[in-house]
Protein chains: 2
Amino acid sequence: MSDLLARLRERGWRMTSQRRVVAEVLDGDHVHLTADEVHARAAQRLPEISRATVYNTLGELVSLGEVMEVSTDGRARRYDPNAHHPHQHLVCSGCGTIRDVHPTGSPLADLPAEERFGFTLSGVEVTYRGLCPACA
Amino acid sequence: MSDLLARLRERGWRMTSQRRVVAEVLDGDHVHLTADEVHARAAQRLPEISRATVYNTLGELVSLGEVMEVSTDGRARRYDPNAHHPHQHLVCSGCGTIRDVHPTGSPLADLPAEERFGFTLSGVEVTYRGLCPACA
DNA sequence: TTCTTGACTTGGATCCTGTCCATCGTAGGA
DNA sequence: TCCTACGATGGACAGGATCCAAGTCAAGAA
Ligand SMILES: [Mn+2]
Ligand SMILES: [Mn+2]
Ligand SMILES: [Zn+2]
Ligand SMILES: [Zn+2]
């Protein structure tokens, strides 16, 4: 995470206490928090932080490629700091638990040329659905 | 589509002008409309139809398995009448165009046992991203 | 160290998507 | 034709996200 802060500073990011706290909340792997969850955790350290700032900061981290946006349900988007290690997600239909998974092969390669309709492919998102051991 | 109406009647669906119009709007392939888009088109034929009825009807068609719910962005869910032919989606990051695509192989098989964490898998959704010829 | 300024933050308004509910209307069987 | 249970209505409500004008402050300049 200090890595992240250093990288951001290098990119000319103006460092504020709000941005620092948001970045700290997003530390670690297997983190898939909604904006409101990020806000709640950030507010424990910095009670005055506003939801607007959390949304702004998350949006910037996403466009910088430091955080991935994940929408596994039709509900709130989730923010995933594990953006430098490509992966997909396995979601429990019962409790909503999300796990990072790594399918074999390149999912992109599964789309034959005649099914690409002239598109320039840039990525692919795979969401596996199922029941976790606790919910099954 | 007359197929769909016949199938629904067979299942004991009470036929109303509202339900008929919604079903007609969802006719065809490569249809991926939001609830509000369905409502707008339905209202051209039946101006008094309410949003609540459109949502109710779409929800029923989904639970009957006649329509697929698709959420390719974190925004509005889309409703896809092509529910009897399993497929995935290719989305243009520029204009939002959605195409049905058919990857080779079974996407489920790409998740090795040691990456399943004891889950009972029930399905998988794949969204390919890229730029369509017009946007590239 | 102090000054300056443009970038950042804030809270509240606003929008969009979707759900809920009490009431009214009607499809379709008796 | 009549009944009534099921469906439709519209307006309230809630959650997620964006927008905005006004206030604040990080960090480079002097
Ligand atoms: Mn992840
Ligand atoms: Mn489709
Ligand atoms: Zn579970
Ligand atoms: Zn396009």
Exercise for review: Say whether B:H87 and B:D80, considering side chains only, have a donor N or O and an acceptor N or O under 3.5 Å apart.
Suggested key: yes

Check your understanding: If only atom types and distance count, is the side chain of B:R78 paired as donor or acceptor with the main-chain N or O of B:I98 below 3.5 Å?
Key -> no

Practice item. Using modelled atom types only, decide if a donor and an acceptor are shared between the side chain of A:R45 and the backbone of A:E24 within a distance under 3.5 Å. Key: no

In Å, rounded to the nearest 0.5 Å, how long is the span from [atom1] of [X] to [atom2] of [Y]?
| X | Y | atom1 | atom2 | value |
| --- | --- | --- | --- | --- |
| A:L61 | A:E66 | CG | CD | 7.0 Å |
| A:M68 | A:R77 | CE | CZ | 14.0 Å |
| A:H32 | A:T97 | NE2 | OG1 | 11.0 Å |
| B:L26 | B:N82 | CG | CG | 11.5 Å |
| A:I49 | A:T16 | CD1 | OG1 | 7.5 Å |

**Study point:** Steps toward side-chain contact (heavy atoms from CB on, under 4.5 Å) verdict (B:C95, B:C132)
**Key:** CA-CA 8 Å; B:C95 61; B:C132 75; 3.9 Å; yes

Practice item. Would you kindly confirm whether A:V126 and B:F117 end up in one hydrophobic cluster when ILVMFWY residues are joined by side chain heavy atoms under 4.5 Å apart? Key: yes

Review point. What string of B, S and - do you get for nucleotides 19-30 of chain D, 5' to 3', if B is base contact, S is sugar-phosphate-only contact and - is no contact with any protein heavy atom under 4.0 Å?
Key: B-----BBS---

Study note, to complete from the structure: In short, salt bridge (Lys or Arg N to Asp or Glu O under 4.0 Å) pairs touching residues 126-136 of chain B with sequence neighbours left out are A:E125-B:R129

Check your understanding: Is any side-chain N or O of A:Y55 closer than 4.0 Å to OP1 or OP2 of D:dT18?
Key -> no

Check: protein-nucleotides 1-3 of chain D nitrogen or oxygen pairs below 3.5 Å:
none

Practice item. Could you pick out which residue, A:V54 or B:A35, lies toward the 5' side of DNA chain C when each is mapped onto its nearest nucleotide? Key: A:V54

Exercise for review: Please step through side-chain contact (heavy atoms from CB on, under 4.5 Å) for the pair A:V70 and A:H89, ending with a clear verdict.
Suggested key: CA-CA 9 Å; A:V70 180; A:H89 293 103; 3.7 Å; yes

Point to revise | DNA chain C contacts made by residues 66-78 of chain B, counting heavy atoms under 4.0 Å | key: B:A76, B:R77

Practice item. Looking at every strand, decide which applies to A:R19 at a 4.0 Å heavy-atom threshold: base, sugar-phosphate, or nothing. Key: sugar-phosphate

Study note, to complete from the structure: 5'-most to 3'-most nt of DNA chain C touching chain A (<4.0 Å, heavy-atom partner on protein side) reads C:dG6 to C:dG11

Practice item. For A:S63, check side chain to side chain contact (heavy atoms under 4.5 Å, CB included) against everything at least two apart and list the hits. Key: none

